[in-house]
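Shown next, in C-alpha cells, is the structure this report addresses.
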Amino acid sequence: MKLDRLIGILSVLLQQEKTTARELAEKFEVSRRTINRDVEDLCKAGIPIQTWQGAGGGISIMEGYRMDRTLLTSKDMQMILAGLRSLDSVSGSRYYGQLMEKLQAGSSNFVRGRDSLLIDLSSWYKDTLAPKISVIQDAIEERKNLSFYYYGPGGESLRLIEPYYLIFKWSSWYVWGWCHERKDFRLFKLNRMDKVHKEKECFEAREVPMPDLSNERIFPGKIKVKATFKPEMKWRLIEEFGPHCFKETTDGNLIFQADYTDAEHMTRWLLTFGDKVRVEEPESIRQTLRRTAENIKNMYEKK
C-alpha cells in the first residue's frame with residue numbers, strides 16, 4: 001500500500017543521514033519514478049526533504065526535523081520502546097513497528113545495552129484478537145458505533161455500544177463503552193465478543209467517566225472460603241495468590257483462606273484441583289461441589 005510505503009520511506013530518512021532513489025526503489029520493490037513521486041507527496045505533506053542530483057547526491061531530511069532526544073534518557077527510550085513492542089504484540093497492523101523504527105532512528109548510540117524488558121500482550125487468541133482490537137480502535141477514533149454478539153453467563157445477545165476505551169486488565173482485553181441496551185457504561189471482554197462490526201453511524205461523544213476497575217467494583221459481593229490443600233498444590237497457590245495466602249500445618253497440608261466474589265467461578269476453580277483440596281467452609285460451596293461430583297459420577301456410570 002502507498003501509505004505503508006510513505007511511512008517506510010520516512011522511517012528510512014529518519015534513520016539515515018542520506019539515501020538514494022535507487023536504494024529506496026530496491027528496498028520497497030518499486031520503480032525510481034514511483035519513489036520520486038512518493039518524495040514529492042511527502043514534501044506536499046509538509047515533510048522537509050532535500051534532494052541532490054549527480055555524484056554524491058541523494059535524498060535526506062532537513063537537519064532539525066529529527067526528534068531531539070536530549071530530553072530523554074537511555075532508560076526513558078528503552079521503556080518507551082518496551083511499551084510499543086507490547087502493543088505491537090497484539091496489533092494487526094504495522095503501525096507500532098513503524099513507530100518504533102522512527103523512535104530508534106539514529107539512536108543506536110543513545111539506547112545503550114540490550115533490551116531488558118519484554119512484554120507480550122498477546123494470548124492463545126492472538127489470531128482473532130488482533131482484528132478485534134483494530135476494528136475497535138478505528139471505531140473509537142472515528143466515533144462510530146460498534147456492534148457485536150456477546151456471550152456471557154446469561155446467554156448470547158446482540159449489543160450496540162459507543163466505544164471509548166480499550167483496556168488491558170486481569171490478563172485480558174476489554175472495551176469500555178456506552179451500551180444502548182443497558183443505557184449505561186459497561187465493560188465487555190473481547191474474548192467473549194464475536195462478529196465485531198464498525199457501524200456507519202457516528203455518535204456524539206458523551207461525558208465519559210473513567211472506568212472504575214477495582215475488584216470491588218467489577219466483582220462485587222465477597223464470599224469467604226476456607227479450604228485444605230495437599231502439599232503438592234503449593235506451587236499453584238503461590239502462583240495465583242502469592243506465598244502468604246496459606247498456612248502450612250505440621251503434616252504439610254496448606255490451610256487456604258480468601259475472599260471470593262463469584263460462587264460459580266470459585267466452584268470451577270476448586271474443581272480444577274480434583275481430590276487435592278477439601279473445602280471446609282462455606283457449607284453452600286461444599287454442597288455444590290458434592291452435587292457436581294455426584295453428577296459427574298452418574299454421567300460416567302451411564303451406558
Side-chain angles (χ1 to χ4, degrees), residues 86 89-90 119-129 132-133 148-157 159 166-176 182 186-194 211-302:
S86 70
S89 67
V90 290
I119 305 171
D120 192 332
L121 298 179
S122 62
S123 68
W124 296 109
Y125 309 98
K126 182 177 181 179
D127 291 342
T128 58
L129 189 62
K132 290 179 186 177
I133 289 177
F148 52 88
Y149 284 93
Y150 197 66
Y151 299 85
E156 171 190 351
S157 60
R159 298 297 183 96
L166 260 172
I167 300 167
F168 185 78
K169 180 79 172 178
W170 306 296
S171 302
S172 296
W173 283 93
Y174 299 81
V175 59
W176 172 257
R182 300 297 174 86
R186 287 288 189 274
L187 199 63
F188 298 92
K189 193 172 186 177
L190 266 61
N191 283 345
R192 294 182 179 178
M193 297 164 60
D194 188 28
D212 181 358
L213 302 178
S214 63
N215 289 341
E216 292 77 11
R217 168 65 178 85
I218 303 300
F219 306 112
K222 292 184 177 180
I223 303 169
K224 295 187 180 297
V225 62
K226 181 180 179 181
T228 303
F229 286 83
K230 295 289 181 65
E232 55 266 38
M233 291 296 101
K234 180 186 290 188
W235 68 273
R236 271 197 63 183
L237 293 179
I238 290 176
E239 178 182 321
E240 298 179 37
F241 289 91
H244 306 297
C245 69
F246 59 82
K247 292 183 179 179
E248 196 165 353
T249 62
T250 53
D251 57 3
N253 286 325
L254 313 169
I255 306 299
F256 170 85
Q257 296 187 77
D259 292 341
Y260 241 84
T261 58
D262 185 286
E264 184 180 353
H265 185 273
M266 178 173 62
T267 302
R268 289 199 301 267
W269 178 71
L270 289 166
L271 284 169
T272 65
F273 290 90
D275 61 353
K276 305 299 182 185
V277 60
R278 173 185 171 86
V279 175
E280 311 298 343
E281 54 185 59
E283 183 60 29
S284 58
I285 299 300
R286 288 167 56 87
Q287 295 296 335
T288 299
L289 288 170
R290 184 180 292 112
R291 286 194 301 270
T292 302
E294 289 173 354
N295 291 337
I296 293 173
K297 179 175 177 291
N298 292 336
M299 180 177 64
Y300 281 101
E301 285 181 344
K302 290 180 180 179

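- Here the CG-CH2 distance, from L129 to W173, works out to 7.5 Å after rounding to the nearest 0.5 Å.
- For R268, the salt bridge (Lys or Arg N to Asp or Glu O under 4.0 Å) test picks out E264, with sequence neighbours left out.
- With sequence neighbours excluded, the residues satisfying side-chain hydrogen bond (donor to acceptor under 3.5 Å, both in side chains) with D251 are T249, N253.
- For T292, the side-chain hydrogen bond (donor to acceptor under 3.5 Å, both in side chains) criterion is met by no residue, not counting sequence neighbours.
- Here the CZ atom belonging to R192 is positioned 11.5 Å from the CG atom belonging to L190, to the nearest 0.5 angstrom.
- Between P231 and G252, the shortest heavy-atom distance links the atoms CG-O, 3.2 Å.
- Applying the side-chain contact (heavy atoms from CB on, under 4.5 Å) test to A293 and every residue at least two apart in sequence or in another chain returns nothing.
- Taking the side-chain contact (heavy atoms from CB on, under 4.5 Å) definition, one finds that S157 meets it with Y150, R159, sequence neighbours left out.
- Residues that satisfy the salt bridge (Lys or Arg N to Asp or Glu O under 4.0 Å) test with K224, not counting sequence neighbours, are D259.
- Across all non-hydrogen atoms, the minimal contact from I223 to M266 is CG2-CE, 3.9 Å.
- Closest heavy-atom contact between F256 and C245: CD1-O, 3.5 Å.
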Validation: residues 234-243 side-chain donor-acceptor distances under 3.5 Å, sequence neighbours left out:
from, atom 1, to, atom 2, distance (Å)
K234, NZ, E248, OE1, 3.3
W235, NE1, E232, O, 3.3
R236, NE, E240, OE2, 3.0
R236, NH1, T272, OG1, 3.2
R236, NH2, E240, OE2, 3.1
R236, NH2, T272, OG1, 3.2
E240, OE1, W269, NE1, 2.6

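- Listed by chain and residue number, E280 satisfy the side-chain hydrogen bond (donor to acceptor under 3.5 Å, both in side chains) test with T228 (two or more places apart in sequence, or in another chain).
- Judged purely by atom type and a 3.5 angstrom limit, K276 has no side-chain atom pairing as donor or acceptor with the backbone of M233.
- In this view, K297 and E301 satisfy the side-chain hydrogen bond (donor to acceptor under 3.5 Å, both in side chains) rule, not counting sequence neighbours.
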Check the pair F229 / L270 against side chain to side chain contact (heavy atoms under 4.5 Å, CB included), numbers first and verdict last. CA-CA 10 Å; F229 286 83; L270 289 166; 4.3 Å; yes
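- Residue pairs meeting the salt bridge (charged side-chain N to carboxylate O under 4.0 Å, His left out) criterion with at least one member in residues 283-292, sequence neighbours excluded, are E283-R286.
- Applying the salt bridge (Lys or Arg N to Asp or Glu O under 4.0 Å) rule to E281 yields no partners; only residues at least two apart in sequence or on another chain are considered.
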